[in-house]
Participant: 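One structure, as structure tokens, below. Some questions next.
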2 protein chains.
Amino acid sequence: MRLADLPEVRAIHLFRSMEEETFNSIFKAAYFQTFPEQVDLIEEGNPADFLYVVVEGCVELHAKANGRETTMAMVLPVGTFILAAVLNDSVYLMSARTCQKSRILMIPSQDIRAAIEKDKAFAAAIIRELANCYRAVVKEHKGLKLRSAVERLANRLLRYNDAQGGSGSLLLPFDKRTLASLLGMAPENLSRAFNTLKPYGVVVDGSTVHLTDIKALKMLAKPNSLIDDRVI
Amino acid sequence: MRLADLPEVRAIHLFRSMEEETFNSIFKAAYFQTFPEQVDLIEEGNPADFLYVVVEGCVELHAKANGRETTMAMVLPVGTFILAAVLNDSVYLMSARTCQKSRILMIPSQDIRAAIEKDKAFAAAIIRELANCYRAVVKEHKGLKLRSAVERLANRLLRYNDAQGGSGSLLLPFDKRTLASLLGMAPENLSRAFNTLKPYGVVVDGSTVHLTDIKALKMLAKPNSLIDDRVI
DNA sequence: TTTCTCAATTGATAAATATCAAGTCAAATA
DNA sequence: TATTTGACTTGATATTTATCAATTGAGAAA
């Protein structure tokens, strides 16, 4: 890793509170690289050699079984992925590929584990990050089990609207195929779900969506902070 | 907590490697109680005041939204629940109720967080436990998105068979209503799924299930260690 | 034993979701 | 400009899953 990049990395919340010595020891053997889009970073089943941090861009976590494949999550800056596999010294449960040109930090697993042993502040930061990841999956799982496809889409739109300033106009952060997979439905059904939401003021224009009747949409979506809130 | 119970608690993997001093500080204000079945221990949305450890019995984690309710997980001895909420000092995402008479350890959240600050060995044990919980939910989520209801049941039966010695006869660990909810299907569909599996050697007798043609069942189920294996 | 209760099953039907096959449209390319 | 490409949409249909209603059956209570 280049010396010039260190200050930027040091500013990331995960690495901000750790001791200087731990920081240096970790980033001796770390990589900080820019990947083009559609690069497969890791494959499920392989041993967890690195912890990954998305600094810029976007990474899709996906998984397959039988012949099917599904998008499990999208990792945006600044987010980690595959943390649990690293901590457990186990294999990856998900594959990862860039879906944009992305700057990715890669830290050898053994260095992460050693740093946790040494550095309480870093251990605390890792615990917070891992707990957040856990809660995010639980929320996803609740959404999938407790909501229909249309409800999942409606709540997702409300969430993106909030995250983008709540103006009533939002940009879908990835293509519809990916969004459909993330929401657990076929691409065709995403189109139909958008149509179902038309009477609730959802106007789609390419990857822009206008919400013209948020009150009605919320009535249908029944948002629930224990599913939709990314902070709690 | 009674003095006589301390050795038993000390033997639990989570508390085995921690320092004596930390151990004593934690269990000063802890509760170790036996609850009858069907007791609501916590409710989703409430602040996480305690970390719970199931020492004997069984606890159902469930969640609701809209009018629906679903079983999220069953916690067997010795397992924790609601760890992430405790670590994040946040609210519970799931509710919990005993489904048998159960001995439960309850440790005040702030004591857990203080102990992590102080005690590296305990922090390491907590990280391992949390990472395992995370991976368990990811596997559940993969199963739900990538498999049909019949496949989920088939794999679950194979898993219980393995866990119970692989004799080809297994006891369903909870009633079928709960199993159905856990597997993400209606109770009626669980019955039908069992019927669908009959040609694959699945013979149901109350809560006992015999697997008379494991090879055929595996052919249908296509078990996948990255979903079904609880150890990896 | 008989009755009662409740989980589980079965049947009929409805709703949700997936699949297959065209078709549309806009951006990229020639 | 014409063409190609690929994502998205739409329609028709099949499959999966849920719901409602009725029935069964085993264990608990009388």
Side-chain angles (χ1 to χ4, degrees), chain A residues 37-38 60 64-71 99-100 143-157 171-199 202-210 220-222, chain B residues 36-38 60 64-71 97 99-100 143-157 171-199 202-210 220-222:
Chain A
E37 64 178 326
Q38 297 302 326
E60 177 190 359
K64 55 174 179 287
N66 308 345
R68 299 154 220 162
E69 177 169 350
T70 191
T71 301
C99 52
Q100 294 171 20
L144 197 59
K145 290 188 86 172
L146 291 167
R147 285 172 170 165
S148 70
V150 170
E151 290 171 334
R152 292 197 295 278
L153 173 60
N155 281 294
R156 184 63 64 132
L157 294 177
L171 209 66
L172 298 176
F174 4 90
D175 60 26
K176 289 176 184 163
R177 230 177 60 87
T178 306
L179 180 62
S181 182
L182 186 61
L183 293 175
M185 59 180 103
E188 296 94 327
N189 280 352
L190 180 63
S191 276
R192 294 189 177 102
F194 272 121
N195 281 331
T196 306
L197 292 179
K198 211 174 273 176
V202 175
V203 180
V204 182
D205 174 23
S207 63
T208 303
V209 179
H210 302 278
L220 173 117
K222 296 180 206 71
Chain B
E37 64 180 322
Q38 297 302 325
E60 177 190 359
K64 55 174 178 289
N66 308 346
R68 299 153 220 163
E69 178 169 349
T70 192
T71 301
R97 80 168 73 92
C99 53
Q100 294 172 21
L144 197 59
K145 289 189 86 172
L146 292 167
R147 286 173 169 162
S148 70
V150 171
E151 289 170 336
R152 292 198 297 276
L153 174 60
N155 282 294
R156 184 63 65 132
L157 294 176
L171 209 67
L172 298 176
F174 3 90
D175 60 28
K176 289 176 184 164
R177 230 176 59 86
T178 305
L179 180 62
S181 182
L182 185 62
L183 292 176
M185 59 180 104
E188 295 93 329
N189 280 352
L190 180 63
S191 277
R192 295 190 177 103
F194 272 122
N195 281 330
T196 306
L197 292 179
K198 211 175 274 177
V202 174
V203 180
V204 182
D205 174 21
S207 63
T208 304
V209 179
H210 303 278
L220 173 117
K222 296 179 207 70

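In what follows, chains are A, B, ... by sequence order, proteins preceding strands, each numbered from 1. Only heavy atoms go into these numbers, but all of them, side chains included; no hydrogens, no water, no symmetry mates.
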Participant: Could you check how far CG of A:Asp205 sits from C1' of D:dT9, rounded to whole Å?
Facilitator: 14 Å
Participant: What integer distance in Å separates B:Asp175:CG from C:dT9:C1'?
Facilitator: 15 Å
Participant: Tell me: CZ of A:Arg192 to C1' of C:dG23, nearest whole Å?
Facilitator: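 The distance from CZ of A:Arg192 to C1' of C:dG23 comes to 13 Å, rounded to the nearest Å.
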Participant: Is any N or O donor-acceptor pair between the side chain of A:Glu188 and the base of D:dC8 shorter than 3.5 Å?
Facilitator: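 Per atom types, no contact qualifies.
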Participant: Determine yes or no for a side-chain-to-main-chain donor-acceptor pair under 3.5 angstrom, with B:Arg177 supplying the side chain and B:Pro187 the backbone.
Facilitator: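 Checking the backbone N and O of B:Pro187 against the side chain of B:Arg177, no donor-acceptor pair under 3.5 Å is found.
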Participant: For the side chain of B:Ser191, starting at C-beta, report the closest nucleotide among D:dT17, D:dT10, C:dT10.
Facilitator: C:dT10
Participant: Determine whether a donor-acceptor pair (N or O, by modelled atom type, separation under 3.5 Å) exists between the side chain of A:Asp205 and the backbone of A:Thr208.
Facilitator: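 A pair under 3.5 Å: no.
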Participant: Using whole Å, report how far CZ of A:Arg68 lies from P of C:dT17.
Facilitator: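 Distance check: A:Arg68 CZ to C:dT17 P gives 17 Å.
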Participant: Which part of the nucleic acid, if any, lies within reach of A:Arg177 when heavy atoms closer than 4.0 Å are counted: base, sugar-phosphate only, or nothing?
Facilitator: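 The residue A:Arg177 makes sugar-phosphate contact but no base contact.
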Participant: With distance as the sole test, does B:Lys198 use its side chain to make a donor-acceptor pair with the main-chain N or O of B:Val204 at under 3.5 Å?
Facilitator: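 Not confirmed, B:Lys198 side chain does not pair with B:Val204 backbone.
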Participant: Quick one: is D:dT10 close enough that its OP1 or OP2 comes under 4.0 Å of any side-chain N or O from A:Asn195?
Facilitator: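 Yes, within the criterion.
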Participant: Kindly point out which of D:dT17, D:dT10, D:dT9 is positioned nearest to the side chain of A:Lys176?
Facilitator: D:dT9
Participant: Between P on D:dC8 and CG on A:Leu153, what's the gap in Å once rounded to a whole number?
Facilitator: 14 Å
Participant: Can you check whether A:Asn189 has a side-chain N or O nearer than 4.0 Å to OP1 or OP2 of C:dT17?
Facilitator: no
Participant: Please determine, for the side chain of A:Ala186, which listed nucleotide (C:dA18, C:dA21, C:dG11) has the closest atom?
Facilitator: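 Looking only at side-chain atoms, A:Ala186 lies closest to C:dA18.
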Participant: Please report, rounded to the nearest Å, how far the C1' atom of C:dA7 is from the CZ atom of B:Phe174.
Facilitator: 17 Å
Participant: Do any N or O atoms from the side chain of A:Arg68 and from the backbone of B:Leu146 form a donor-acceptor pair under 3.5 angstrom?
Facilitator: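 Looks like yes, one N/O pair under 3.5 Å.
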Participant: Once you round it to whole Å, what is the distance between P of D:dT19 and CG of B:Asn66?
Facilitator: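 These atoms are roughly 12 Å apart.
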Participant: Nearest whole Å is fine: how far is D:dT17 C1' from B:Leu190 CG?
Facilitator: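 Atom-to-atom, B:Leu190 to D:dT17, this comes out as 13 Å.
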Participant: Decide yes or no, distance alone: a donor-acceptor N/O pair under 3.5 angstrom between the base of D:dT17 and the side-chain of B:Arg152.
Facilitator: no
Participant: So, the side chain of A:Lys222 versus the backbone of A:Asn155: is there a donor-acceptor pair under 3.5 Å, distance only?
Facilitator: no
